[in-house]
Amino acid sequence: MAKVCVFCGGTPLTKEHVLPRWLKVALDPSVRRFRYIRLSDGGFQRHDAPPLNDQVKVVCSGCNSGWMNQLEEGVRHFLPALIQGKPCVLDARSQRALAAWTLKTLLMFQYTHRPEVRSVIPAGDFAVLHSRRQPTESMLGRLGFMNYPPDDSEPLVDTLCQGYGTTELGGVAWIGTLKIGCMVVQIIRAPDVADGYKLTPFEALPSLRPMWPSESPIKWPLVAAIPPELMIALALPESLDLNTMPG
């Protein structure tokens with residue numbers, strides 16, 4: 001574990017819940033008391049414990065109770081509806097808030113992984129989130145829909161963060177994916193985009209919508225559900241089809 005804050009380098013360190021305890025209102029308390037961390041070799045680690053119990057001690061009290069708490073408050077009014085599949089509409093502001101919360105949460109999930117998996121996301125991405133409070137121009141975000149798990153045969157929470165080698169853009173990249181209930185959120189980190197350019201957004205699909213950069217409002221739930229067996233294909237594509245366009 002870190003000896004100084006992974007965001008700002010400060011101390012003392014405090015424990016941070018990876019998923020906020022207030023999400024308890026969105027989760028069925030009677031079943032699904034485990035989560036997966038999927039691995040790049042196709043296997044997974046199963047955690048037989050309530051998903052909201054995960055804590056990491058890698059952030060300082062200033063970050064924990066300051067801007068990180070503000071990111072939590074920014075999604076608190078709509079995140080339970082996304083997880084439960086209840087009707088809502090996400091405007092541009094809500095999409096930006098969800099993208100920032102997703103990035104912060106994926107970074108925290110890294111410290112529940114094994115050390116060799118934890119290094120997928122470089123330290124510089126932690127520093128950039130600390131300074132900007134949102135994803136960068138070198139990132140794309142997507143929101144997907146899955147049907148709520150019917151029983152314990154499917155995990156309530158499912159995560160994967162996969163690093164890539166050299167891409168067509170000439171650098172390293174990573175994809176982080178998090179599923180909670182009906183909600184699938186994803187951050188795609190491309191190599192740094194040159195000044196004056198931006199990443200070309202992904203095409204909107206019946207089961208997937210771009211959320212970063214935010215575009216048109218998203219009506220939830222989406223009209224089609226991603227089958228659970230496609231989670232690996234979504235989170236671990238063979239290659240990244242990323243392009244840039246003048247910004």
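What you see below is based on every heavy atom in this structure, not just the backbone, and it leaves out hydrogens, waters and symmetry mates. Because the structure is a prediction, the values reported are computed rather than measured.
R189 has a carboxylate O that lies under 4.0 Å from a charged side-chain N of D192, or vice versa, which qualifies the two as a salt bridge. Note on E137 versus R132: salt bridge recorded, some NZ/NE/NH1/NH2 to OD/OE distance being below 4.0 Å.
The minimum heavy-atom distance linking R21 with N53 is given by the pair NH1-OD1, 3.0 Å. Nearest heavy-atom pair across Q84 and Y148 is CA-CD1, 4.5 Å. When all heavy atoms are compared, the tightest approach of F7 to F126 is CD2-O, 3.2 Å. Residues Q186 and T102 share a closest heavy-atom pair of N-CG2, 4.4 Å. Minimum interatomic distance between S61 and T14 (heavy atoms only, all atoms of both residues): CB-CG2, 3.7 Å. Of all the heavy atoms in L23 and L52, the pair that sits closest is C-CD1, 4.0 Å.
A distance-only check finds a donor-acceptor pair linking the side chain of N64 to the backbone of K15 [under 3.5 Å]. Between the W212 side chain and the T136 main chain, a donor and an acceptor come within less than 3.5 Å of each other.
Legend: ring-ring contact (aromatic ring centres under 6.0 Å, His included) pairs involving residues 186-209, not counting sequence neighbours: none detected.
Taken together through direct or relayed side-chain contacts under 4.5 Å among Ile, Leu, Val, Met, Phe, Trp and Tyr, F78 and L143 form part of one hydrophobic cluster. Side-chain heavy atoms closer than 4.5 Å link hydrophobic residues (I, L, V, M, F, W, Y) into clusters, and following such links, even through other members, never connects M108 to V4. Cluster annotation: L98 and W22 are assigned to the same hydrophobic cluster (Ile/Leu/Val/Met/Phe/Trp/Tyr, side-chain heavy-atom contacts under 4.5 Å, transitive). If you chain together hydrophobic residues whose side chains sit under 4.5 Å apart, V184 and L205 fall into the same group. Grouping the Ile, Leu, Val, Met, Phe, Trp and Tyr side chains by contacts below 4.5 angstrom, directly or via other members, places I188 apart from V128.
Residues K57 and E16 have side chains not in contact (no heavy-atom distance under 4.5 Å, counting atoms from C-beta outward). Within the 4.5 Å cutoff, the side chain of K179 has heavy atoms near those of the P149 side chain. Taking 4.5 Å as the limit, every side-chain heavy atom of L178 sits out of range of all side-chain heavy atoms of D158. Contact of the P237 side chain with the I175 side chain is registered, since non-hydrogen atoms from C-beta on lie closer than 4.5 Å. Here the side chains of L107 and I121 are in contact, with some heavy-atom distance below 4.5 Å. The shortest distance between side-chain heavy atoms of P191 and S138 does not fall below 4.5 Å. Within the 4.5 Å cutoff, no side-chain heavy atoms of L90 are placed close to those of M211. Side-chain contact between I232 and L160 is present, with at least one heavy-atom pair separated by less than 4.5 Å.
The OG1 atom of T105 lies 13.5 Å from the NE2 atom of H17; values are rounded to the nearest 0.5 Å. Atom CG of N69 and atom CZ of R76 lie 8.5 Å apart (nearest 0.5 Å). The CG atom of D125 sits 11.5 Å away from atom CG of L106, with the distance rounded to the nearest 0.5 Å. Distance CG/L129 to CG/L71: 6.5 Å, rounded to 0.5 Å. Rounding to the nearest 0.5 angstrom, the gap separating the CD1 atom in I180 from the CG atom in L79 is 6.0 Å.
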Side-chain donor-acceptor pairs of residues 214-224 under 3.5 Å, sequence neighbours excluded:
{"unit_1": "W220", "atom_1": "NE1", "unit_2": "L82", "atom_2": "O", "d": "3.3"}

Derivation and outcome, salt bridge (charged side-chain N to carboxylate O under 4.0 Å, His left out), residues E203 and R142
CA-CA 10 Å; E203 178 185 359; R142 295 197 289 187; over 6 Å; no

Decide side chain to side chain contact (heavy atoms under 4.5 Å, CB included) for L13 and C5; before the verdict, give the C-alpha distance in whole Å, the side-chain angles of both, and the deciding distance to 0.1 Å.
CA-CA 6 Å; L13 298 182; C5 179; 4.2 Å; yes

Candidate pair W174 and C161, rule side chain to side chain contact (heavy atoms under 4.5 Å, CB included), full reasoning
CA-CA 7 Å; W174 55 265; C161 192; 4.0 Å; yes

Carefully, step by step, assess V56 and V18 under the rule side chain to side chain contact (heavy atoms under 4.5 Å, CB included).
CA-CA 7 Å; V56 292; V18 179; 4.0 Å; yes

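For I226, the side chain to side chain contact (heavy atoms under 4.5 Å, CB included) test picks out M146, S207, L208, L230, L234, with sequence neighbours left out.
Checked by atom type, the side-chain pair D54/T112 shows no donor-acceptor distance below 3.5 Å. Side-chain polar atoms of E72 and W101 form a donor-acceptor pair below 3.5 angstrom. Checked by atom type, the side-chain pair D91/S94 shows a donor-acceptor distance below 3.5 Å.
Counted within 6.0 Å of CD on E229, heavy atoms from surrounding residues, nucleotides or ligands total more than 12; the atom is thus considered enclosed.
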